[in-house]
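Here the structure is laid out as structure tokens; the discussion comes afterwards.
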Amino acid sequence: MSMSLADSWGSAPASPIGFEGYEKRLEITLSDAPVFVDPCGRGLRALSREQIDSFLDLAKCTIVSHLSNKHFDSYVLSESSLFVYPHKVVLKTCGTTKLLLSIPRILELAAELSLPVLSVKYSRGMFIFPGAQPSPHRSFLEEVSVLNSFFGGLKSGGNAYVIGDAFKPKKKWHVYYATEEPEQPMVTLEMCMTGLDAKKAEVFFKDSTDGSCSSAKEMTMFSGISEIIPEMEICDFEFDPCGYSMNGIYGPAVSTIHVTPEEGFSYASYEAMNFNPSSLVYDDLIKKVLACFCPSDFSVAVTIFGGHGFAKSWAKGAEVDSYMCDDLVEQELPGGGVLMYQSFTAVTPGAVSPRSTLDGWNSDGAEMVAKSKEMSVCWEGEKAAKKKDADA
């Protein structure tokens, strides 16, 4: 998105080149409160607007639009999106926001509602302008340190992964995960696209050359976004002079799109979560999203809980015409989860995919490279490190 309220706080200098589209994503899942404490099972949905604003203020973003159904509350933010379920909060922010600084307040509010932490997942791609990021987002090592200070004590310990081809440093995927016990079955798709087609990107300027799109509703329709999952009720928002966000809801399922259309650092993201895996075909959904943006490069990360049988078509790699898969990694997560990560580059027909690699972090925090699709390197020794910190 183009509008970045975070910069107005002076938390970090904005890039002199352009806006940081890549989001940071935090998902915290909570266990049930005792029945006598929360007889209606509202959980986090009992939070007031003032309480929600209290942790968004810490992350340096604000609510611009709101949509709800009987399952959850959806908020479009000045920098991306927030979703509040009774026992889950998903906060996604772009630009120079300080997402992780919201954690203490979220946990404080959860504790007031007697909702203990079940799990946490943090994920992001490679920032386009890493030098513009403020603390605690100056490096993944710094982010992991903060996450471990809050969640390293969960039964699995903290587990951090840096996934991607060592020879394509801009296509690395960062994941932190910790859990107290296995999670309920769920599939989440995170998709990041760069190098958007100029004609497709033009739709997301309020004053396009042909003057065809001046509102969010028009952008949603003319881009094709409304046809990705037609059943979704969409709450959309356009930024001035350009940029676009939308949240879509259907039952417990959610989708969200964020677009930074400026040439030179154009970016779009798509996410779908909590849907019935049998109702959507993985490859078909990917192709519908790509048709809206025609990026030169994109990546997809699919997180699966509940096993390959539950995930159906989502438990395998995607195949996309006119794109070469230059990385494919299947990464096991604690508690029976699995992450499928792929990155793609637009190519001429007949190109051959190179061998994929996986980057990880060793117990000393040093970046390392493993030359196999199947290998994974997680953050070792977290429990020992946590004990050392506790003894200090």
Do [X] and [Y] have side chains that get closer than 4.5 Å, going by heavy atoms?
X      : Y      : answer
Met186 : Lys88  : yes
Phe293 : Phe204 : yes
Phe55  : Asp57  : no
Arg124 : Glu143 : yes
Leu189 : Glu271 : no
Val259 : Leu196 : yes
Glu180 : Val117 : no
Leu109 : Leu107 : no

Over all heavy atoms of both residues, which pair between [X] and [Y] is shortest? Give the atoms and the distance, please.
X      : Y      : value
Gly158 : Tyr176 : CA-OH, 3.3 Å
Ser119 : Glu183 : OG-OE2, 2.7 Å
Leu118 : Leu154 : O-CD1, 4.1 Å
Ala59  : Thr97  : O-CB, 3.3 Å
Asp326 : Ser343 : OD1-OG, 2.5 Å
Ser80  : Glu23  : OG-CG, 3.4 Å

Working for side chain to side chain contact (heavy atoms under 4.5 Å, CB included), residues Tyr85 and Asn274: CA-CA 11 Å; Tyr85 291 80; Asn274 218 17; 3.5 Å; yes
Side chain to side chain contact (heavy atoms under 4.5 Å, CB included) evaluation trace for Ile286 with Tyr270: CA-CA 9 Å; Ile286 294 294; Tyr270 178 83; over 6 Å; no
If I take atom [atom1] from residue [X] and atom [atom2] from residue [Y], how far apart are they, to the nearest 0.5 angstrom?
X      : Y      : atom1 : atom2 : value
Tyr244 : Phe239 : OH    : CZ    : 10.5 Å
Ile106 : Leu26  : CD1   : CG    : 5.5 Å
Ile249 : Thr256 : CD1   : OG1   : 12.0 Å
Ile229 : Ser255 : CD1   : OG    : 5.0 Å
Met221 : Ser226 : CE    : OG    : 7.5 Å
Cys292 : Asp197 : SG    : CG    : 12.0 Å

Stepwise side-chain hydrogen bond (donor to acceptor under 3.5 Å, both in side chains) check, Glu190 with Ser269: CA-CA 8 Å; Glu190 297 171 75; Ser269 66; over 6 Å; no
hydrophobic_cluster_shared for Leu67 and Val254, side chain cutoff 4.5 Å: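 In one cluster with Val254: Leu67, yes.
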Within one Ile-Leu-Val-Met-Phe-Trp-Tyr cluster: Val90 and Phe150, side-chain cutoff 4.5 Å: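 In one cluster: no.
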Taking the side chain from [X] and the backbone from [Y], do they hold a donor-acceptor pair closer than 3.5 Å?
X      : Y      : result
Thr179 : Pro182 : no
Asn159 : Tyr177 : yes
Ser102 : Leu99  : yes
Ser145 : Leu141 : no
Asp284 : Lys287 : no
Glu202 : Ala198 : no
Arg45  : Lys70  : yes
Glu227 : Gly224 : no
Thr220 : Ile225 : no

Parallel under 30°, tilted from 30 to 60°, perpendicular over 60°: which one fits the rings of [X] and [Y]?
X      : Y      : answer
His174 : Phe140 : perpendicular
Tyr341 : Trp173 : parallel
Tyr323 : Phe298 : perpendicular

Under 4.0 Å between a side-chain nitrogen and a carboxylate oxygen: does that hold for [X] and [Y]?
X      : Y      : answer
Glu238 : Lys206 : yes
Glu330 : Lys316 : no
Glu181 : Lys155 : no
Arg49  : Asp53  : yes
Arg25  : Glu27  : yes

Passing option when Gln133 is tested against Lys24, Lys98, Glu142 for side chain to side chain donor-acceptor pair (under 3.5 Å):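 Among the candidates, only Lys24 passes.
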Can a side-chain donor-acceptor contact be found between [Y] and [X] if the only test is distance below 3.5 angstrom?
X      : Y      : result
His137 : Ser135 : no
Ser74  : Asn247 : yes
Thr188 : Thr303 : no

Candidate pair Gln342 and Ser299, rule side-chain hydrogen bond (donor to acceptor under 3.5 Å, both in side chains), full reasoning: CA-CA 6 Å; Gln342 288 181 271; Ser299 66; over 6 Å; no
Test side chain to side chain contact (heavy atoms under 4.5 Å, CB included) applied to Ile63 and Leu77, step by step: CA-CA 4 Å; Ile63 294 171; Leu77 306 179; 3.7 Å; yes
Ring pair (Phe, Tyr, Trp, His ring centres under 6.0 Å) partner of Phe275, chosen from Tyr250, Tyr282, Trp314: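 Running ring pair (Phe, Tyr, Trp, His ring centres under 6.0 Å) over Tyr250, Tyr282, Trp314 with Phe275 returns exactly one hit, Trp314.
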Derivation and outcome, side-chain hydrogen bond (donor to acceptor under 3.5 Å, both in side chains), residues Ser81 and His258: CA-CA 9 Å; Ser81 296; His258 304 284; 3.0 Å; yes
Proximity of Phe265 and Tyr267 rings by center, below 6.0 Å: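 Judged by ring-centre distance (under 6.0 Å), Phe265 and Tyr267 do not meet the cut-off.
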Candidate list Val300, Leu328, Asp327, test side chain to side chain contact (heavy atoms under 4.5 Å, CB included), partner Phe344, passing option: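 Only one of Val300, Leu328, Asp327 forms a side chain to side chain contact (heavy atoms under 4.5 Å, CB included) with Phe344, namely Val300.
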Whether over 12 other heavy atoms sit under 6.0 Å from Glu112 CD: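 Check passes, neighbour count above 12.
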Verdict with supporting geometry, Asp236 and Met219, side chain to side chain contact (heavy atoms under 4.5 Å, CB included): CA-CA 9 Å; Asp236 43 25; Met219 294 176 184; over 6 Å; no
